[in-house]
Amino acid sequence: MAANLTKVSFFLALVMTVEILTPSVVSGDNGFSDLKIRTHLKRLNKPALKSIKSPDGDVIDCVPITNQPAFSHPLLINHTVQMMPSLNPESVFSASKVSSNNKNQKSNDLTQLWHVNGKCPQNTIPIRRTRKQDLYRASSIENYGMKNKKSIPKPKSSEPPNVLTQNGHQHAIMYVEDGAFYGAKAKINVWKPNVEMPNEFSLAQIWVLGGNFNSDLNSIEAGWQVSPQLYGDNRTRLFTYWTSDAYQGTGCYNLLCSGFVQINREIAMGASISPLSNYGSSQYDITILIWKDPKEGHWWLQFGEKYIIGYWPASLFSYLSESASMIEWGGEVVNSQSEEGQHTTTQMGSGRFAEEGWGKSSYFKNVQVVDGSNELRNPENLQVFTDQGNCYNVKGGNGGSWGSYFYYGGPGRNPNCP
C-alpha cells in the first residue's frame, strides 16, 4: 500500500512538473505564445463604444478619450486632458491641402479611408485596432511599434559616412541646427513608394530633436510612411513617433504605447490616407505642424489646416521640456540588402531623384520653424544631407509661394547604386 502511494505521489509530482514546464500554445513564425499575444492585445485594444470597418481592411475603434493608451504611462496616471492648446502659432486656417498653381492639382481634401463607413462619436478618439497578425510580424512583442535606435539621421556625426549607411537606415533630409526651436511645419508631398522587403519601410517626416544622438536623444516625429512589417500592407499611412532615450526603450509609433494624448475624433494615427500623387499628374500634399504650447509646455500636433490631433505631454521629455536644438525634414528608408550585398530597390518619396522636379520627384515645401515668440518663420542656415547620394538624393531651393523647399528621393538600387 505504501509502495502504491509512493508511486501515485511520484506520478502526480511528475504531471505537475510537466504542466509547469510545458509552455502555452505557440503561434506565428517568431514563436510567440498565444497567452502573451492575448495579454498584449488586451493592453493595446481598449474597449470601444463603436467600431468602424474601413474599406482597406482596418478596424477603427472609437475609444472614450479618458480610456486611451496614454494614461497607462506612470507619469500620466492623474493627467488632466488639455482639450485645446492655449496658443497656436497660426492665427488663420486658410491654406489648401492641395498644392496650388498647377493644372494637375485637385481641390479635394486628403482624407482617411475609414471615413467612408462612419465617424466616431463625441468624447471618443479613433484608434486603429491591433490584431494578432500584427504582433506575429514583429521581431518581439516587447519591441512591437518601436523604431530601431539606429534610425536617426546624423548630418554631422563623427562617424565616417560608410558607417552610417551600414546600419541599414538611409536618409535624404534638409535640416537646421544650433538654435532654440519651438516647433516645425511643412507641406509634405504624398506618394506610395515601392517597398521591396517586408522588414523595410519608406517614410517622409519631420523630426523635432533635442539631446545627445547616442544616448538620451529626445525626438518627436510625424509624417507618412509605408511599412509592411508594422501594418501588414503597402498602403501610405499617417504616423507619429516619439522617444526620450534615443529609441532605446521609450516611445513608439502612433498609439502603440502610452504617451501621446489624442483629442481629435476624426483622424486615426496609423490609418491610410488618400488620394495620393501620381507621376506626371495630380500632386497631393499633407500639412504637418508640431509646436510647443508656450503656456502648458506640451508639444502639439496639427494635421492639415484644421485637425488638431493631440499632444505629447512635456513630462515625457528632458531636453524637449525646454526647446528643440535641431529640426530635420525629409525621407528615410530601411536598406536590408540582399545576401549578395545588393542595395534594396525600396523607393524613397516618388522613387525619382530630386533633379526630376515638379510632378515627378517628391517635395517638402513651406519649410518653417516656430521661434521663441510662438511665430512661424523661415529657417536660417538650412543645409541638406544624404547618406548615399547615388541611391537617394536631395536638392534645396527658396522662393515664391513655396518659401523654403526641397526635392528628394530616389529608386534605391540602380547602376550607380549597385
Side-chain angles (χ1 to χ4, degrees), residues 35-51 60-87 120-130 134-135 138 140-147 149 208 210-211 215-222 239-265 267-270 290-302 308-324:
L35 176 60
K36 203 170 186 180
I37 292 284
R38 288 196 301 270
T39 302
H40 201 68
L41 287 177
K42 187 176 181 180
R43 187 181 302 128
L44 291 176
N45 297 324
K46 304 296 184 181
L49 296 182
K50 177 181 179 180
S51 295
I60 303 299
D61 290 324
C62 303
V63 175
I65 192 169
T66 54
N67 195 35
Q68 63 181 292
F71 304 123
S72 297
H73 196 287
L75 295 175
L76 302 177
I77 292 174
N78 297 314
H79 182 80
T80 300
V81 179
Q82 186 178 347
M83 292 305 296
M84 287 292 289
S86 61
L87 289 172
C120 282
Q122 294 283 354
N123 300 316
T124 68
I125 63 166
I127 302 179
R128 179 182 181 270
R129 184 183 299 176
T130 301
D134 297 324
L135 297 181
S140 72
I141 292 179
E142 292 75 18
N143 292 332
Y144 174 67
M146 298 179 68
K147 270 190 178 184
K149 66 181 180 180
V208 176
S215 59
D216 56 3
L217 182 77
N218 291 191
S219 182
I220 291 173
E221 308 167 24
F239 83 95
T240 60
Y241 200 92
W242 72 275
T243 180
S244 61
D245 63 356
Y247 306 92
Q248 295 179 82
T250 62
C252 62
Y253 282 110
N254 308 324
L255 301 181
L256 295 176
C257 68
S258 55
F260 183 79
V261 178
Q262 182 157 337
I263 62 166
N264 186 285
R265 68 186 179 100
I267 301 298
M269 306 313 304
I290 300 168
W291 83 100
K292 187 183 181 192
D293 186 326
K295 182 178 179 181
E296 300 292 337
H298 306 320
W299 288 87
W300 284 83
L301 171 67
Q302 180 179 308
I308 296 179
I309 307 300
Y311 59 92
W312 293 270
S315 58
L316 296 176
F317 305 103
S318 52
Y319 293 96
L320 288 181
S321 63
E322 298 297 326
S323 64

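Hydrogens, waters and symmetry mates are skipped; everything else that's a heavy atom, side chains included, is used. In this chain, numbering begins with 1 at the start of the sequence shown.
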- Message: For His40, give me all partners under ring-ring contact (aromatic ring centres under 6.0 Å, His included), at least two apart in sequence or on another chain.
- Response: none

- Query: Hey, are the side chains of Met146 and Tyr247 touching, using non-hydrogen atoms and a 4.5 Å cut-off?
  - Reply: no

- Could you tell me which residues satisfy side chain to side chain donor-acceptor pair (under 3.5 Å) with Tyr319, sequence neighbours excluded, listed by chain and number? Asp216

- Item | From CG (Leu41) to CD1 (Ile141), nearest 0.5 Å | 8.0 Å

- Task: Mind checking the CG-CD1 spacing from Leu301 to Ile309? Nearest 0.5 Å is all I need.
- Result: 5.5 Å

- Minimum heavy-atom distance Ser315-Leu75, with the two atoms named: O-CD1, 3.3 Å

- Task: Show your reasoning for whether side-chain contact (heavy atoms from CB on, under 4.5 Å) applies to Leu49 and Val63.
- Result: CA-CA 6 Å; Leu49 296 182; Val63 175; over 6 Å; no

- Task: Would you please name every residue forming a side chain to side chain donor-acceptor pair (under 3.5 Å) with Glu142, sequence neighbours left out?
- Result: Lys36

- Min side-chain heavy-atom separation Ile308-Ile263 under 4.5 Å: yes

- Message: Nearest 0.5 angstrom please: Ile125 CD1 to Thr66 OG1, how far?
- Response: 9.5 Å

- Task: Could you tell me whether a side-chain N or O of Gln68 sits under 3.5 Å from a main-chain N or O of Ile127, the two making a donor and an acceptor?
- Result: no

- Query: Going through the distances and angles, do Tyr311 and Val81 end up as a side-chain contact (heavy atoms from CB on, under 4.5 Å)?
  - Reply: CA-CA 10 Å; Tyr311 59 92; Val81 179; 4.3 Å; yes

- Message: Ring-plane angle category for Trp242 and Phe317, please: parallel below 30°, perpendicular beyond 60°, tilted otherwise.
- Response: perpendicular

- Message: Using 0.5 Å steps for rounding, measure from the CE atom of Met269 to the CZ atom of Phe239.
- Response: 8.5 Å

- Can you tell me how far the OG atom of Ser72 sits from the CZ atom of Arg43, to the nearest 0.5 Å? 8.5 Å

- Donor-acceptor pair, side chain of Asn45 and main chain of Thr130, under 3.5 angstrom: yes

Cut-off 3.5 Å, no hydrogens considered: what does the side-chain donor-acceptor table look like for residues 250-261, sequence neighbours left out?
| residue | atom | partner | partner atom | Å |
| --- | --- | --- | --- | --- |
| Thr250 | OG1 | Thr243 | OG1 | 3.3 |
| Thr250 | OG1 | Ser244 | N | 2.8 |
| Thr250 | OG1 | Ser244 | OG | 3.1 |
| Thr250 | OG1 | Asp245 | N | 3.4 |
| Thr250 | OG1 | Asp245 | OD1 | 2.8 |
| Asn254 | OD1 | Thr240 | N | 3.0 |
| Asn254 | ND2 | Tyr231 | OH | 3.0 |
| Ser258 | OG | His73 | N | 3.4 |

- Query: Do you know which two heavy atoms are closest between Ala48 and Asp61, and how far apart they sit?
  - Reply: CB-CB, 3.7 Å

- Where do Trp299 and Val208 come nearest, in terms of heavy atoms and distance? CZ3-CG1, 3.9 Å

- For Gln82, what residues pass the side chain to side chain donor-acceptor pair (under 3.5 Å) criterion, not counting sequence neighbours? Asp293

- Item | From CA spacing to verdict: side-chain contact (heavy atoms from CB on, under 4.5 Å), His79, Phe71 | CA-CA 7 Å; His79 182 80; Phe71 304 123; 3.8 Å; yes

- Which atoms form the tightest heavy-atom contact between Ile60 and Pro126, and what is the distance? CG2-CB, 3.5 Å

- Message: With a sphere of 6.0 Å drawn around NZ of Lys50, does it hold more than 12 non-hydrogen atoms of other residues, nucleotides or ligands?
- Response: yes

- Task: Indicate yes or no for a side-chain donor-acceptor contact from Lys42 to the backbone of Ile37 under 3.5 Å, with no hydrogens or angles considered.
- Result: no

- Message: Please find the pair of heavy atoms, one from Ala314 and one from Gly297, that lie closest to each other, and give the distance.
- Response: CB-O, 3.2 Å

- Task: May I ask you to decide if Cys120's main-chain N or O and Arg265's side chain share a donor-acceptor pair within less than 3.5 Å?
- Result: yes

- Message: Are the side chains of Asp134 and Tyr144 in contact, using a 4.5 Å heavy-atom criterion?
- Response: yes

- Item | Any Pro64 side-chain heavy atom under 4.5 Å of Lys46 side chain | no

- Task: Apply side chain to side chain donor-acceptor pair (under 3.5 Å) to Ser318 and list each qualifying residue two or more places apart in sequence or on a separate chain.
- Result: Asn218

- Closest approach of Lys292 and Ser321, non-hydrogen atoms and distance? NZ-O, 2.6 Å

- Item | Worked check of side-chain contact (heavy atoms from CB on, under 4.5 Å) between Ile220 and Tyr241 | CA-CA 6 Å; Ile220 291 173; Tyr241 200 92; over 6 Å; no

- Query: Tell me, do Pro121 and Cys62 make a side-chain contact under 4.5 Å, heavy atoms counted?
  - Reply: yes

